[in-house]
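Proteins get letters first, then strands, A, B, ... in listed order; numbering begins at 1 in each. If you're wondering where the values come from, they're calculated on a predicted model, not measured in any experiment.
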Amino acid sequence: MPNDTMKKIVSLAKRRGFIFQSSEIYGGLKACYDYGPLGVELKRNIKDAWWRDMVHRREDVVGLDCSIIMHPDVWKASGHLAGFSDPLVDCKNCKERFRADHAPRKDAGTETEYRENGKQDGKKLKGVVGKQGYVCPVCGGGDLSDERQFNLMFRTSLGSVDPMQEIAGAVEELAKLDAKGRRERLGEIIAKSAVYLRPETAQGMFVNFKNILDSSRMKPPFGIAQTGKSYRNEITTANLTFRTCEFEQMELEFFVEPGTDDEWYAYWRNARLEWYKKLGIREKNLRLRDHEQSELAHYAKACADVEYFFPFENESGEGEWGELEGIANRTDYDLKKHAEATGKDLSYFETETKKRYIPYVIEPAAGADRATLAFLCDAYDEEAIPDQKGEDAVRTVLRFHPRIAPIKAAVFPLVKKDGLPEKSREIMAALLDQGVNCFYDQSGAIGRRYRRMDEAGTPFCITVDAETNEQNTVTVRERDSMQQTRIGVNEVVEYIKEKVK
RNA sequence: GCGGGUGUAGCUCAGUGGCUAGAGCAUCACGUUGCCAACGUGAGGGUCGGCAGUUCGAAUCUGCUCACCCGCUCCA
């Protein structure tokens, strides 16, 4: 029952410290979430795996970490400042909210017929199309609100003087202006200090393209990678951390010679799908979906999404495909725009061939929070196992790939006497010393301790028992099979390190 | 933003004809046991989402509000 599954995952996430709602004791904040002790490890492991595979294991990619607040002109050049401001209109009849540029056109002054409240059996109403020249796309009504700007970027102000102060001082002047003039004047005042939280990390890579060429001796084909937070005022937020206003991205901008872009696009499109598989996401829950021409963003030549089948609650009751990552061919759009805006030369000169060109960009852009959620959902499993009395019982287990598991190993003394706790602590210390995140537990029955670790997704449990004192060996219990292997105490660190590599 | 649903302990949920708020699990302590969610005893933990109103009295009725879920819309 996938409907149930998401509920159980949310419950487990809260109970075990993966994901909490932001500011929960204040009643929560819309679409903001915090990662608890286990969640932060999981997310970090995913980001680290991405960084290692995309940057450290390649010669052709370098990293970058740029500021979230950038020069406001960056967003003018990239098209975000204009493109993010879609005029929205509310229908006063059926309460629909829609984009003005998507509404059906009708000549101003002509008559329009529609149903009351937009209901099929509603009373027939007649109206006149207003001077805006369009009607409601749902009910066809002409009784519409003014167009409202809805900026998808988070605006804030840079500088120690609050722009509110200047606005307060301009109140009388503003009162004399009409609505349009007032908006323009207010815009002028705010624009003096207005800056934006980035809606994507990508522009940081484009803006630093020349710096990196000049400082790193990289030449196309090469990439710049970055992870970090981005912010967008989403109209609708939903499904836990799947769509939030503040989110973390893992982006690569890969610069290539024009003409080679198609093959590099194909390369990354495939490579990125394989990455999720390699880290343990089941193949049946993954797919690549190519965008239709009409779906493509204004800058993109081609785009494909890596999608995961989330167990979200919905009408079908089965779950829903959701985007984890988009791989786009952004062409030379961004570098060209920034070159135009700044007058700087952002082309690349190839000395051997004496060719000069503005590189094309292939962009695999992944959501770190979405990936974390997908790994969590995919790891979730319930196993029917009879308990000691032979009655039906359920074992809840998170089957994380050891590389991303929050806790790599747990160390238990079978009993808390006969020097077993002391021996366990020694093994713990050796593991911690090697940077293996592990957990010590001596409370309650051993079976309970195993099951607790199953729920946290810990792949290995090391138990110190009577034989440890006699033969200097411990048991290693494997999470998925629940099989135990006996190994020497001095092999433990290497054994675990090898398994979680 | 609209429509529908939900909100009681860390989790899952009872509760009501309006009076001192409950269970199971979880957590902690002690004891016992010792390899797969054991047993006993005890303990801690609740602004009944928030604010206001009606009332002698509100978790319960009314209004507003916040958050989450579903649908529509949106997703450069």
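For A:Lys30, whose side chain is taken as the heavy atoms from C-beta onward, the closest listed nucleotide among B:C68, B:C11, B:A38 is B:C68. Candidate nucleotides B:A37, B:G34, B:C70 were compared by shortest atom distance to the side chain of A:Phe312, and B:C70 ranks first. The A:Ile446 side chain lies nearest to B:C35 when the options are B:G34, B:U27, B:C35. When the nucleotides B:C74, B:U27, B:U12 are ranked by their closest atom to the side chain of A:Ser11, B:U12 comes out on top. Across B:A38, B:C68, B:C35, the shortest atom-to-atom separation from the side chain of A:Gln484 is found for B:C35. Closest approach to the A:Met482 side chain among B:G10, B:U33, B:C36 is made by B:C36 (side chain taken as heavy atoms from C-beta onward). Among the nucleotides B:A37, B:G34, B:A67, the one closest to any side-chain atom of A:Glu455 is B:A37. Looking at the side chain of A:Lys417, the nearest of the listed nucleotides B:U33, B:C11, B:A37 is B:U33.
Between A:Phe209 and A:Phe255, the ring-plane angle classifies as tilted under the 30° and 60° cut-offs. Aromatic ring pairs are classed by plane angle as parallel below 30°, tilted from 30° to 60° and perpendicular above 60°; the pair A:Phe312 and A:Phe310 is parallel. Ring-plane geometry between A:Phe400 and A:Phe18 is classed as tilted, the angle between the planes lying from 30 to 60 degrees on a 0 to 90 degree scale. The aromatic rings of A:Phe460 and A:Tyr495 stand perpendicular to each other, their planes meeting at an angle above 60°, with 30° marking the opposite boundary.
Distance OH (A:Tyr33) to P (B:A67): 11 Å, rounded to an integer number of Å. Between A:Arg243 atom CZ and B:C74 atom P there is a gap of 12 Å when expressed in whole angstrom units. Going from atom CZ of A:Arg451 over to atom P of B:C25 covers 17 Å, rounded to whole Å. The separation between A:Arg486 atom CZ and B:C35 atom P is 12 Å, rounded to whole Å. Spacing between atom CD of A:Gln21 and atom P of B:G7 amounts to 16 Å, rounded to whole angstrom units. Protein atom OH of A:Tyr450 is 15 Å distant from nucleotide atom P of B:G34, rounded to whole Å. Residue A:Glu292 contributes atom CD, which lies 16 Å from atom P of B:C75 at whole-angstrom precision. A:Glu467 places its CD atom 12 Å from the C1' atom of B:C35, with the value rounded to the nearest Å.
We find that A:Arg370 and A:Glu307 are not joined by a salt bridge, their nearest charged nitrogen and carboxylate oxygen being 4.0 Å or further apart. By the 4.0 Å N-to-carboxylate-O rule, A:Lys337 lies too far from A:Asp334 to be salt-bridged with it. Between A:Asp305 and A:Arg287, none of the side-chain N atoms (NZ, or NE/NH1/NH2) sits under 4.0 Å from a carboxylate O, so this pair counts as no salt bridge.
B:A52 and B:U60: their P atoms are spaced 14 Å apart (whole Å). Straight-line distance between the P atoms of B:U55 and B:G5: roughly 29 Å, to the nearest whole Å. B:U8 sits 12 Å from B:A23 when the C1' atoms are compared, rounded to a whole Å. B:U54 and B:A26 have their C1' atoms separated by 40 Å, with the value rounded to a whole Å. Here the separation of B:G42 from B:G24, taken at their P atoms, is 13 Å to the nearest Å. Of the C1' atoms belonging to B:G46 and B:G7, the separation is 14 Å, rounded to the nearest Å. Taking the P atoms as reference points, B:C70 lies 16 Å from B:C13, given to the whole Å. Spacing of P atoms, B:C11 relative to B:G49, comes out at 13 Å, to the nearest Å.
If you check every strand for non-hydrogen atoms under 4.0 Å, A:Ile25 touches a base. Using a 4.0 Å heavy-atom distance criterion, A:Arg449 is classed as a base contact. Within the nucleic acid shown, A:Ala202 has no heavy atom closer than 4.0 Å to any nucleic acid atom. Among the protein residues, A:Leu12 comes within range of no part of the nucleic acid, since none of its heavy atoms lies under 4.0 Å from any strand. Using a 4.0 Å heavy-atom criterion, one finds that A:Glu200 contacts the bases of the nucleic acid, with or without backbone contacts as well.
For B:A21, there is no paired base (Watson-Crick or G-U wobble, both distances below 3.5 Å). Base pairing annotation: B:G71 forms a Watson-Crick or G-U wobble pair with B:C2, both donor-acceptor distances under 3.5 Å. The partner of B:U16 is absent, by the rule that a Watson-Crick or G-U pair needs both atom distances under 3.5 Å. For B:G42, the paired base is B:C28 (Watson-Crick or G-U wobble, both distances below 3.5 Å). Pair check for B:G7 finds B:C66; Watson-Crick or G-U wobble, both atom distances under 3.5 Å.
No donor-acceptor contact under 3.5 Å links the side chain of A:Asp454 to the base of B:C36. Residue side chain A:Tyr26 does not reach the base of B:C66 through any donor-acceptor N/O pair under 3.5 Å, judged by distance alone. In terms of polar N and O atoms assigned as donor or acceptor, the side chain of A:Arg477 comes within less than 3.5 Å of the base of B:C36 in a complementary pairing.
Within a 6.0 Å sphere centred on NZ of A:Lys336, other residues, nucleotides and ligands contribute 12 heavy atoms or fewer. Surrounding CD of A:Glu422 are more than 12 heavy atoms belonging to other residues, nucleotides or ligands, all under 6.0 Å away.
Side-chain nitrogen and oxygen atoms of A:Lys14 include none within less than 4.0 Å of the OP1 or OP2 phosphate oxygen of B:G10. For A:Arg16, no side-chain nitrogen or oxygen approaches OP1 or OP2 of B:A26 to under 4.0 Å. Contact annotation: A:Arg448 does not reach the phosphate of B:G34 (side-chain N/O to OP1 or OP2, under 4.0 Å). The side chain of A:Asn239 contributes an N or O atom lying less than 4.0 Å from OP1 or OP2 of B:C70.
Residues A:Asp465 and A:Arg452 each lie close to RNA chain B; by heavy-atom proximity, the contact nearer the 5' end of the strand is made by A:Arg452.
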